[in-house]
Amino acid sequence: MVRGQANPHVARLRKHIGDVQLTTGDLLDQGSLISAVERVQPDEVYNLGAISYVPMSWQQAELTAEVTGMGVLRMLEAIRVVSGVGQSRTPGPGQIRFYQASSSEMFGMVRETPQNERTPFHPRSPYGVAKTYGHYITQNYRESYGMFAVSGILFNHESPRRGAEFVTRKVSLGVARIKLGLASELRMGNLEARRDWGFAGDYARAMRMMLAQDAPEDYVIGTGRTQSVRDLVELAFATVGLNWRDHVVQDPRFTRPAEVDLLCADPKKAREQLGWEPEVGFEELVAMMVESDLRLLSSSSRPEDEPLSPDHW
Ligand code: GDP
């Protein structure tokens, strides 16, 4: 689903999705979602739509709540209304299955490590708060109406297609630029933050497995390993034979008003019930991203998105 008039992202999407049909709709517009569900008559709906860059959520907190939070409610309502589900009628076999992209950012200031499906939430950004609403409303529609609605609590998942503002891609692009002599330094925020980074392709496979189960349940998806931003930077520079200490400059403009210090998944349930295992490890992921950006910057084309300027977190 794409929104807006002459949306510039469509041409970029086309390169990746071939002849997949796009339909119009907007998470801010209930009627457009009802029309989209009516038109497509889907078997499955995956809601990955969100304002997903955490620093942006402080700058546009209300819009983040509307898109990332209320957008989930509107999508569920569209499915409910088109399916004719209500208090007097629960969905039967063949109902539309709904996947909500919940986020490890909901754990925020973590209460325990590693984090599993029962770990309490303590979000640390307007983004995390909005995702927490989306998580609970998905659970509530499952419990209220018997809808097949599930949340995947996905930890950070990355690939060469990651937006340039996120830390992994910022680092892989930065390393490639420095290696090719296009830049000499990389300005970074908090190097001590720890994340459980995995490969997006593995995580997309998990989403599909969740909707293929007999019963709707929520799952934590992550690798169970955690690395610091410093580890990421060190490894990425080492991949091209450079020492990060010669190039990385810490810049307080990239430090956030409230930070999520540590995330590490406990993916036991997904392993045992879905048979899901990540196939790409951290080292392989970082090498894949750096090599991809070296190729991209060496070719005549330029990255599709430039990183945000340093006045952004
Ligand atoms: P997030 O976990 O969804 O917020 O994903 P990001 O990739 O944006 O950030 C991951 C972690 O990297 C956060 O703890 C950031 O504070 C930290 N970090 C340190 N320096 C930077 C930077 O320059 N850019 C970004 N995006 N993150 C940084």
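Indexing begins at 1, ligand by ligand and atom by atom, following the structure's order.
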Discussion item. Under 6.0 Å between ring centres: does that hold for F121 and Y136?
Written reply: yes

Practice prompt. Check each atom of ligand 1 against the heavy atoms of Y53 and keep those under 4.0 Å away; list them by number with element.
Written response: 8 (O), 26 (N)

Discussion item. Heavy-atom count check: over 12 atoms from other residues, nucleotides or ligands less than 6.0 Å from R89 CZ?
Written reply: yes

Fill in: V167 and ligand 1 - part of the residue with a heavy-atom distance under 4.0 Å
both

Worksheet item: What are the two closest non-hydrogen atoms of S57 and S125, and how far apart are they?
Response: OG-CB, 3.9 Å

Discussion item. Against ligand 1, does Y127 come closer than 4.0 Å with any heavy atom?
Written reply: no

Discussion item. So Q100 and M75, do their side chains get closer than 4.5 Å, heavy atoms only?
Written reply: no

Discussion item. Out of all atoms in ligand 1, which are within 4.0 Å of some heavy atom of V229? Include the element for each.
Written reply: 12 (O), 17 (C)

Worksheet item: Is it the side chain, the backbone, both or neither of R195 that has a heavy atom closer than 4.0 Å to ligand 1?
Response: side chain

Worksheet item: Salt bridge check: are R195 and E259 linked by an N-O gap of less than 4.0 Å?
Response: yes

Worksheet item: Can you check whether W197 has an N/O within less than 3.5 Å of an N/O in ligand 1?
Response: no

Fill in: N/O separation below 3.5 Å, G189 to ligand 1
yes

Practice prompt. Please work out whether any backbone atom (N, CA, C, O) or any side-chain heavy atom from C-beta onward of N156 is under 4.0 Å from ligand 1, and answer side chain, backbone, both or neither.
Written response: side chain

Practice prompt. Please state whether the rings of F107 and F155 are parallel, tilted or perpendicular, taking 30° and 60° as the class boundaries.
Written response: tilted

Item to complete: Heavy-atom contacts with A193 under 4.0 Å: which atoms of ligand 1 show up? List them by number with element.
Response: 14 (O)

Item to complete: Run the numbers for me: atoms of ligand 1, each under 4.0 Å from some heavy atom of V54, listed by number.
Response: 3 (O), 4 (O)

Worksheet item: Once you round to the nearest 0.5 Å, how far does CG of L73 lie from CD of Q30?
Response: 7.0 Å

Worksheet item: For ligand 1, is there an N or O atom under 3.5 Å from any N or O atom of R162?
Response: no

Worksheet item: Does F282 have R225 sitting over its ring (NZ/CZ under 6.0 Å from centre, angle to axis within 45°)?
Response: no

Worksheet, complete the sentence: The atoms of ligand 1 lying under 4.0 Å from a heavy atom of E105, numbered in the order shown, are 1 (P), 2 (O), 3 (O), 4 (O)

